[in-house]
Number of protein chains: 2
Amino acid sequence: MSGSATYADWIAVDWGTTHLRAWAIGKDGAVRAKAESDAGMGRLARDGFEPALLDLVEDWLGVGPTPVLACGMVGAKQGWQEAPYVAAPARPAGLQPMRVTVARDKRLSVSIVPGLSQANPPDVMRGEETQIAGFLAAEPGFDGVLCLPGTHTKWVHLSAGEVVSFQTAMTGEMFDLLSRQSVLRHTVGAGSLDPEAFAEAVADTLSRPERLAQRLFSIRADATLNGTDASVSRARLSGALIGAELAATRPYWLGQHIAVAGTPALADLYARALAAQGASARALDAAPLTLAGLAHIRATQTELSLT
Amino acid sequence: MSGSATYADWIAVDWGTTHLRAWAIGKDGAVRAKAESDAGMGRLARDGFEPALLDLVEDWLGVGPTPVLACGMVGAKQGWQEAPYVAAPARPAGLQPMRVTVARDKRLSVSIVPGLSQANPPDVMRGEETQIAGFLAAEPGFDGVLCLPGTHTKWVHLSAGEVVSFQTAMTGEMFDLLSRQSVLRHTVGAGSLDPEAFAEAVADTLSRPERLAQRLFSIRADATLNGTDASVSRARLSGALIGAELAATRPYWLGQHIAVAGTPALADLYARALAAQGASARALDAAPLTLAGLAHIRATQTELSLT
């Protein structure tokens with residue numbers, strides 16, 4: 001072993017449906033290297049996970065087993081090996097990673113962070129629990145609501161380091177489907193959002209959420225009849241869907257401390273929509289949260305195993 | 001001319017985005033032949049319409065020009081030749097078909113029924129105005145609401161033979177996108193709907209329409225956690241979307257006479273959803289309405305031109 005310099009003390013892995021990202025972490029906790037590929041869980045068969053991981057991280061491995069801590073859909077039933085959900089309320093930092101027993105390469109010691117579930121109303125998350133752990137690592141005393149906008153936006157009530165409850169809205173996925181594949185695709189373009197039209201659509205939808213089904217085709221009809229600009233039509237679609245989401249999640253954000261962590265543009269959009277309802281929300285960049293969460297969960301595990 | 005038996009006295013054409021259907025009508029008004037192809041407006045360039053039509057109807061043509069009356073997206077801006085919308089309120093039977101001046105074959109004399117528009121809230125239809133004319137041909141005194149469920153469901157307030165106002169919901173298109181392409185596709189299957197789960201989802205969504213955004217992902221989560229049957233999940237998705245549509249169209253159906261004309265299964269689904277809200281709706285098969293409407297509009301035009 002002497003002389004054989006293991007490049008990574010451990011390896012952090014963010015493994016979602018469509019992406020695979022890995023970081024080599026040194027003994028000092030610093031990132032030594034990173035790599036990514038599109039070998040997401042969605043395109044891998046059971047026996048494809050180990051080769052996909054080795055493709056990215058092989059250069060970082062020494063002779064002894066290197067700990068790999070992964071999160072995301074890699075732990076789903078259709079993933080590498082199922083890491084069963086832990087029921088909320090739960091402490092993200094204290095989640096016990098599941099050992100992947102089917103990995104064959106002796107240089108790897110892989111564990112997967114389990115997702116969280118909720119019985120009523122039924123809800124699940126995989127990957128976001130790790131982002132939440134990363135958020136709480138920086139703000140351990142946070143008491144309020146963390147919103148993680150994306151394909152499936154999560155609204156998470158946090159208190160005393162625990163996920164108390166959470167709720168998912170499919171807003172991002174619906175926006176993608178409607179803006180790219182429905183009749184609205186001719187109308188909404190692919191560019192920027194008109195800020196006023198966005199604010200108006202959010203407010204209208206929140207004040208009359210029961211009219212949502214009528215609003216959508218109206219966007220198309222107005223453009224057909226009046227030549228409405230694509231940036232206005234796109235803002236109306238986005239505003240109607242985010243407005244509907246805010247209507248459904250009102251108990252989450254009303255009168256709460258709110259942090260929104262997403263891509264900067266999306267976090268800003270949600271923060272603006274909330275601000276217009278009198279709810280002040282802090283916008284954060286979600287990019288660093290997964291790695292921070294994996295590091296925090298690993299550190300907590302190490303502490304636990306020492307006591 | 002003598003001896004040359006023109007097979008069709010006139011030709012009726014239903015020309016939508018994805019289909020082209022034609023009927024040869026004899027002097028006695030009976031259907032002599034019919035033909036269809038998938039040469040819908042969506043796949044044709046401007047100069048592709050005439051050949052697509054000739055492909056279907058050439059055998060029915062005599063030497064003199066045969067009148068062809070068409071309806072649907074063929075009259076859209078992206079169609080063969082635009083037949084500009086007529087603003088509601090309007091009498092479907094009295095719509096003046098637009099002559100297609102770009103047709104070159106001397107054996108054809110093509111006209112297109114214009115669609116209807118509404119300024120506020122903005123809305124448009126193309127093709128349904130002809131179905132409505134067909135419905136009113138059979139029930140000229142109908143006073144109430146006609147619902148035409150489909151990709152884009154139309155709710156139409158009819159009185160004294162006129163379309164007073166109308167409203168469109170994209171329910172069918174959203175159901176197709178969500179059930180086939182979203183994360184729900186793993187959960188909702190492609191089979192039948194559980195009737196009880198459907199009724200419950202309609203009722204829940206109507207009583208709390210603001211929760212729609214939360215309901216959808218719940219369908220997936222419940223199936224993941226509890227192994228819910230696909231027929232229940234599918235019924236919940238259908239019920240949530242139809243419930244949201246009924247919430248948005250409540251002013252249309254509450255306390256009105258309602259007729260629902262669609263495919264038998266879909267018309268029945270809507271009639272059941274309405275019945276559960278105490279609104280009694282008659283379900284009709286929409287299949288014969290377009291041809292009946294084209295015949296009725298043609299007869300009305302002939303009368304007008306004789307006076």
Side-chain angles (χ1 to χ4, degrees), chain A residues 17 76-78 85 87 115 117-125 151-155 167-171 173-174 176-178 180-184 186 205-206 208-226 228 241-250 252, chain B residues 17 76-78 85 87 115 117-125 151-155 167-171 173-174 176-178 180-184 186 205-206 208-226 228 241-250 252:
Chain A
T17 305
K77 209 171 277 183
Q78 308 82 4
Y85 292 111
S117 67
Q118 178 176 276
N120 191 19
D123 216 325
V124 290
M125 65 167 72
T151 305
H152 298 155
T153 299
K154 303 289 177 184
W155 292 81
Q167 186 168 314
T168 305
M170 291 173 55
T171 307
E173 186 162 27
M174 287 184 67
D176 280 350
L177 289 171
L178 290 170
R180 292 182 192 174
Q181 299 195 53
S182 83
V183 69
L184 300 179
H186 306 298
T205 308
L206 263 164
R208 304 217 175 193
E210 73 280 7
R211 290 209 186 158
L212 179 68
Q214 185 254 314
R215 269 173 222 294
L216 300 179
F217 189 78
S218 249
I219 296 169
R220 167 68 176 159
D222 189 51
T224 301
L225 295 174
N226 305 315
T228 315
L241 295 178
I242 291 179
E245 178 177 341
L246 293 187
T249 55
R250 199 188 288 267
Y252 271 76
Chain B
T17 304
K77 210 171 276 182
Q78 308 81 3
Y85 292 110
S117 66
Q118 177 176 277
N120 192 17
D123 216 324
V124 290
M125 65 168 72
T151 306
H152 299 157
T153 299
K154 304 289 177 186
W155 292 80
Q167 185 168 316
T168 305
M170 292 173 54
T171 307
E173 186 162 26
M174 287 184 67
D176 280 350
L177 289 171
L178 290 171
R180 291 182 192 174
Q181 298 195 52
S182 83
V183 69
L184 300 180
H186 305 298
T205 308
L206 263 164
R208 305 219 175 191
E210 73 280 7
R211 291 208 185 158
L212 179 67
Q214 185 255 314
R215 269 173 223 293
L216 300 179
F217 190 78
S218 249
I219 296 169
R220 166 70 174 157
D222 188 51
T224 302
L225 295 174
N226 304 316
T228 315
L241 295 178
I242 291 178
E245 178 177 340
L246 294 186
T249 55
R250 199 188 289 267
Y252 272 76

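The chains referred to below are lettered A, B, ... by the order of the sequence lines, with proteins before strands, and numbering in each begins at 1.
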> Counting distance only, does the side-chain N/O of B/Gln214 pair as donor-acceptor with the main-chain N or O of A/Thr249 below 3.5 Å?
Replying inline: no
>> For the interface with chain A, which of B/His152, B/Gln78, B/Arg220, B/Arg211 has the highest count of heavy-atom pairs at distances below 4.5 Å?
In response: B/His152
> Heavy-atom distance under 4.5 Å to chain B: side chain of A/Leu216, backbone, both or neither?
Replying inline: both
>> Applying side-chain contact (heavy atoms from CB on, under 4.5 Å) to B/Glu173 and A/Phe217, what does each step give before you reach the verdict?
In response: CA-CA 11 Å; B/Glu173 186 162 26; A/Phe217 189 78; over 6 Å; no
>> Please classify the contact of A/Thr224 with chain B as side chain, backbone, both or neither, using a heavy-atom distance under 4.5 Å.
In response: both
> Can you check whether B/Met174 reaches A/Leu178 side chain to side chain, under 4.5 Å on heavy atoms?
Replying inline: yes
> Taking A/Ser218, A/Ala119, A/Ser182 one by one, which has the highest count of heavy-atom pairs under 4.5 Å against chain B?
Replying inline: A/Ser182
>> Between A/Ile219, A/Thr205, A/Thr168, who has the most heavy-atom pairs with chain B when the cutoff is under 4.5 Å?
In response: A/Thr168
> In Å, rounded to the nearest 0.5 Å, how long is the span from CD of A/Gln181 to CD of B/Gln181?
Replying inline: 4.0 Å
>> Which one wins on heavy-atom pair count under 4.5 Å against chain A: B/Asp222, B/Thr17, B/Asp176?
In response: B/Asp222
>> Taking atom CZ as the centre, does A/Arg208 end up with more than 12 heavy-atom neighbours from other residues, nucleotides or ligands that are less than 6.0 angstrom away?
In response: no
> With chain A, which of B/Pro121, B/Ala76, B/Ala221 has the greatest number of heavy-atom pairs at distances under 4.5 Å?
Replying inline: B/Ala221
>> Could you measure the distance from the CD atom of B/Glu245 to the CD atom of A/Glu210? Nearest 0.5 Å is fine.
In response: 14.5 Å
> Which pair of non-hydrogen atoms, one from A/Val183 and one from B/Met170, has the smallest distance, and what is that distance?
Replying inline: CG1-CE, 4.0 Å
>> Quick check on the interface: out of A/Pro209, A/Ala248, A/Ala169, who has the most heavy-atom pairs with chain B under 4.5 Å?
In response: A/Ala248
>> Just verifying a value: how many Å separate B/Leu212 CG and A/Leu241 CG, rounded to the nearest 0.5 Å?
In response: 10.0 Å
> Relative to chain A, which segment of B/Leu225 carries a heavy atom at a distance below 4.5 Å: side chain, backbone, both, or neither?
Replying inline: side chain
